[in-house]
Amino acid sequence: MPTPSFLADFRPQPLSDLFAADPARAEDLAFDLAGIRFDFSKTHLSRDLIDRLDPMPYGAALASLLAGEVVNATEGRAAEHPAERGTGSPDAVALAGQRRHRMRALIDAIEAGAFGDITGILHIGIGGSALGPALLVDALGRTERRYKVEILSNIDGQSVDAALARLDPATTLVAIASKTFTTAETLRNADAALAWLEEAGVEDPYGRLIALTAAPERALEFGIDETRILPFAPSVGGRYSLWSAIGFPAALALGMDAFEQLLEGAAMVDEHVAEAAPQANVPLLAAIADLLYTQQLKAETRAVFAYDDRLSLLPSYLQQLVMESNGKSAGIDGQPAGGHTSAILWGGTGTDAQHAVFQLLHQGTHLVPVEFVAVAAQGDEQDPAHHRELLLNCFAQGAALMAGRSSDDLHRDYPGNRPSTTILLDDLDPTSLGALIAFYEHRTFAEAVLLGINPFDQFGVELGKEMARAIDDPETRSAFDPSTRALIEKAGL
Ligand code: F6P
């Protein structure tokens, strides 16, 4: 697929010229949505560029998504994560609601002591079955968490040791989170957790298991009682699943009311994209800027820095959301995508990153659109000077990237004109976090539509899974290349 036509021949003006030409630019390109300020004014987005876009294809695709129609063409199904927060086909919305009641009932039962004295939960899952819950619990549960939560994803025994060491088997529930209930890492770790419960003398280890899955029949086969299986729809993609039963550990630790508020925040963004004019559709505008950089200006990466430690897991959450969705080479029509699709997303936390990677951002040779995510209200107990300096640092970086400073000495020259977006939450709470995550989902979707790719499949990860199975089988192992076989031998496997 060639560069989207609205970008053809578009040459952005320097940021300083854009500000000079439009005294109202700072307000014009900043939007308030669900308690979050999205400031695009330090990107090269302009009214000119926005007006070039034919919004019809996006509007049609969005309407299909929100109506629960088939938008995942390669797998012939809908992408029904919006139904979890109330937008979709009436059946899907009703079913999601019923399943949420079931989740609430299970949480009520845990709180009422149906499983004895429970103090913690071991949540086992990987990818979309782990990253979302981990982000929610870390972002919202640092000060008030009703249960201890450990998220175990990696098959690495070190991760298993570390997670188990932090929990008491006598008072821990184990949630096995897997959309497919076939994922090798998750099942292996579930066995380890069962063995841990058994070895600790827990009377009925299987009675401690809860399944969060779109394949309840496999959870039953695994030995989990139907009453402790929280199902969700197969049409909810893994990386979009934190709104469903996959969010269970967050709902348990933060309370079901907080979880509902998270969904309400996301619903505000669903409503916004459904109703806003294209010129004011915040995720769409972000997607236009993204494509300007990746398609037209050939930026290969984009960086997200959380200027709030509670959001330190946001970059890794977004890596899956963005790269597993839009890291594609084929268009939705089955033809080669042509140019680049998704940017490579990376990031970190501020101010740490300023003292590590910002040199490249300020003076390196790559164009890297930067995104700052910060929270206006202080959420810590320290002297307010900390939060004040954190925010001032964040804003200063965006200003410095844009303004630069010229010098005859190249070593000391800062070229400037480097774009950044600032996302400033009034406060970090379940509603604003839900809105923030839904913003990123809709931005990813809009980008995919403009690129003509399907963001809802992920065939790319299948080959690696298949080879990981084949490499463990002596019969198929001989077909591997000499380098790989030598490594296996060297490791004594
Ligand atoms: O390997 C990629 C992937 O399929 C992701 O899309 C998914 O989030 C993750 O694995 C976990 O899959 P499951 O929830 O089925 O265990």
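Just the heavy atoms: all of them, side chains too, but no hydrogens, waters or symmetry mates, feed the values below.
- Judged by distance alone, the side chain of D457 and the main-chain N or O of E75 form no donor-acceptor pair under 3.5 Å.
- Heavy-atom minimum distance, G350 versus L390: O-CD1, 3.5 Å.
- Remark: the T74 side chain and the N454 side chain contain an N/O donor-acceptor pair separated by less than 3.5 Å.
- K328 places no side-chain N or O within 3.5 Å of a backbone atom of T341 that could act as its donor or acceptor partner.
- A salt bridge is absent between E381 and R142: the closest approach of a Lys/Arg side-chain nitrogen to an acidic carboxylate oxygen does not fall below 4.0 angstrom.
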Residues T431, M268; criterion side chain to side chain contact (heavy atoms under 4.5 Å, CB included); working and verdict: CA-CA 9 Å; T431 315; M268 285 182 204; 3.6 Å; yes
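- Judged by distance alone, with hydrogens and angles left aside, the side-chain atoms of R485 form a donor-acceptor pair with the main-chain N or O of F480 at under 3.5 Å.
- Here the CZ atom belonging to F372 is positioned 12.5 Å from the CG atom belonging to L424, to the nearest 0.5 angstrom.
- Between R218 and E221, none of the side-chain N atoms (NZ, or NE/NH1/NH2) sits under 4.0 Å from a carboxylate O, so this pair counts as no salt bridge.
- Interatomic distance, CG of L136 versus CG of L433, reported as 6.0 Å (0.5 Å rounding).
- Between T183 and S178, the shortest heavy-atom distance links the atoms OG1-OG, 3.7 Å.
- Distance check, rounded to the nearest 0.5 Å: CG of L367 to CZ of R302 gives 12.5 Å.
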Chi angles and distances behind the side chain to side chain contact (heavy atoms under 4.5 Å, CB included) call for Y307, T351: CA-CA 7 Å; Y307 273 70; T351 60; 4.1 Å; yes
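- For the 3.5 Å distance criterion, the side chains of T484 and D481 qualify, holding a donor opposite an acceptor.
- In this structure a side-chain-to-backbone donor-acceptor pair under 3.5 Å is missing from T301 to L345.
- Contact record, N326 with P455: OD1-CB, 3.3 Å, taken as the closest heavy-atom pair.
- Note: F38 and F439 meet the aromatic proximity criterion, with ring centroids under 6.0 Å apart.
- Here the CD1 atom belonging to I229 is positioned 8.0 Å from the OG1 atom belonging to T227, to the nearest 0.5 angstrom.
- There is a side-chain donor-acceptor pair under 3.5 Å between S432 and D429.
- Using modelled atom types, one side-chain atom of S64 and one backbone atom of A60 make a donor-acceptor pair closer than 3.5 Å.
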Side chains of residues 91-101: which donor-acceptor pairs under 3.5 Å do they make with residues two or more places apart or in other chains?
{"residue": "R100", "atom": "NH1", "partner": "E84", "partner atom": "O", "Å": "3.0"}

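- In this structure the side chain of L194 reaches within 4.5 angstrom of the side chain of Y206, judged on heavy atoms.
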Exercise answer: donor-acceptor pairs, residues 106-120 side-chain atoms, under 3.5 Å, sequence neighbours excluded:
{"residue": "E111", "atom": "OE2", "partner": "R146", "partner atom": "NH1", "Å": "2.9"}
{"residue": "E111", "atom": "OE2", "partner": "R146", "partner atom": "NH2", "Å": "2.2"}
{"residue": "T119", "atom": "OG1", "partner": "T171", "partner atom": "OG1", "Å": "2.6"}

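- For the side-chain hydrogen bond (donor to acceptor under 3.5 Å, both in side chains) condition, no pair includes a residue of residues 469-479, sequence neighbours left out.
- Once rounded to the nearest 0.5 Å, the distance linking CG of L284 with CZ of F445 reads 10.5 Å.
- Between L451 and Q295, some side-chain heavy-atom pair lies under the 4.5 Å cut-off.
- Within the 3.5 Å criterion, the main-chain N or O of V282 finds a donor-acceptor partner in the side chain of H272.
- Side-chain atoms of R310 and V375, non-hydrogen and from C-beta on, do get closer than 4.5 Å to each other.
- Note on residues 149-203: pairs passing ring pair (Phe, Tyr, Trp, His ring centres under 6.0 Å), not counting sequence neighbours, are F181-F222.
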Would you list the atom pairs, donor with acceptor, under 3.5 Å between side chains in residues 121-135 and any protein atom, with sequence neighbours excluded?
{"residue": "H123", "atom": "NE2", "partner": "S129", "partner atom": "O", "Å": "2.7"}

Y58/V273 under side chain to side chain contact (heavy atoms under 4.5 Å, CB included): CA gap, chis, key distance, verdict: CA-CA 11 Å; Y58 166 73; V273 292; 4.0 Å; yes
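- Contact detail for A61 and V71: the closest heavy-atom pair is O-CG1, 4.3 Å.
- No side-chain donor-acceptor contact under 3.5 Å links R102 to the backbone of P231.
- No donor-acceptor contact under 3.5 angstrom links the side chains of H387 and D308, judged on distance only.
- Nearest approach of P283 to R443, heavy atoms of both residues: CB-N, 3.5 Å.
- The residues D168 and K148 are annotated as not salt-bridged, no charged nitrogen and carboxylate oxygen being separated by less than 4.0 angstrom.
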Ignoring hydrogens and angles, write down the donor-acceptor pairs under 3.5 Å from the side chains of residues 243-262, residues two or more places apart or on other chains.
{"residue": "W243", "atom": "NE1", "partner": "E441", "partner atom": "OE2", "Å": "2.8"}
{"residue": "S244", "atom": "OG", "partner": "S241", "partner atom": "O", "Å": "2.7"}
{"residue": "S244", "atom": "OG", "partner": "I246", "partner atom": "N", "Å": "3.3"}
{"residue": "D257", "atom": "OD1", "partner": "R104", "partner atom": "NH2", "Å": "3.1"}

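- Heavy atoms from other residues, nucleotides or ligands lying under 6.0 Å from NE2 of H355 number more than 12.
- Taking 4.5 Å as the limit, some side-chain heavy atom of L152 sits within range of a side-chain heavy atom of S159.
- Looking at heavy atoms from C-beta onward, N154 lies out of side-chain contact with E185 at the 4.5 angstrom threshold.
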Verdict with supporting geometry, L425 and V373, side chain to side chain contact (heavy atoms under 4.5 Å, CB included): CA-CA 8 Å; L425 284 70; V373 185; 4.1 Å; yes
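- Ring geometry for F305 against W346 counts as perpendicular: the plane angle is over 60°, on a 0 to 90° scale with 30° as the lower cut.
- Between F232 and M103 the shortest side-chain heavy-atom distance does not fall below 4.5 Å.
- Inter-residue side-chain proximity for S420 and Q397 is flagged as unmet; no heavy-atom pair is nearer than 4.5 Å.
- Once rounded to the nearest 0.5 Å, the distance linking CG of L65 with CD of E80 reads 9.5 Å.
- Closest approach of A177 and T186 over heavy atoms only: O-CG2, 3.9 Å.
- A heavy-atom distance below 4.5 Å is not found between the side chains of D309 and D138.
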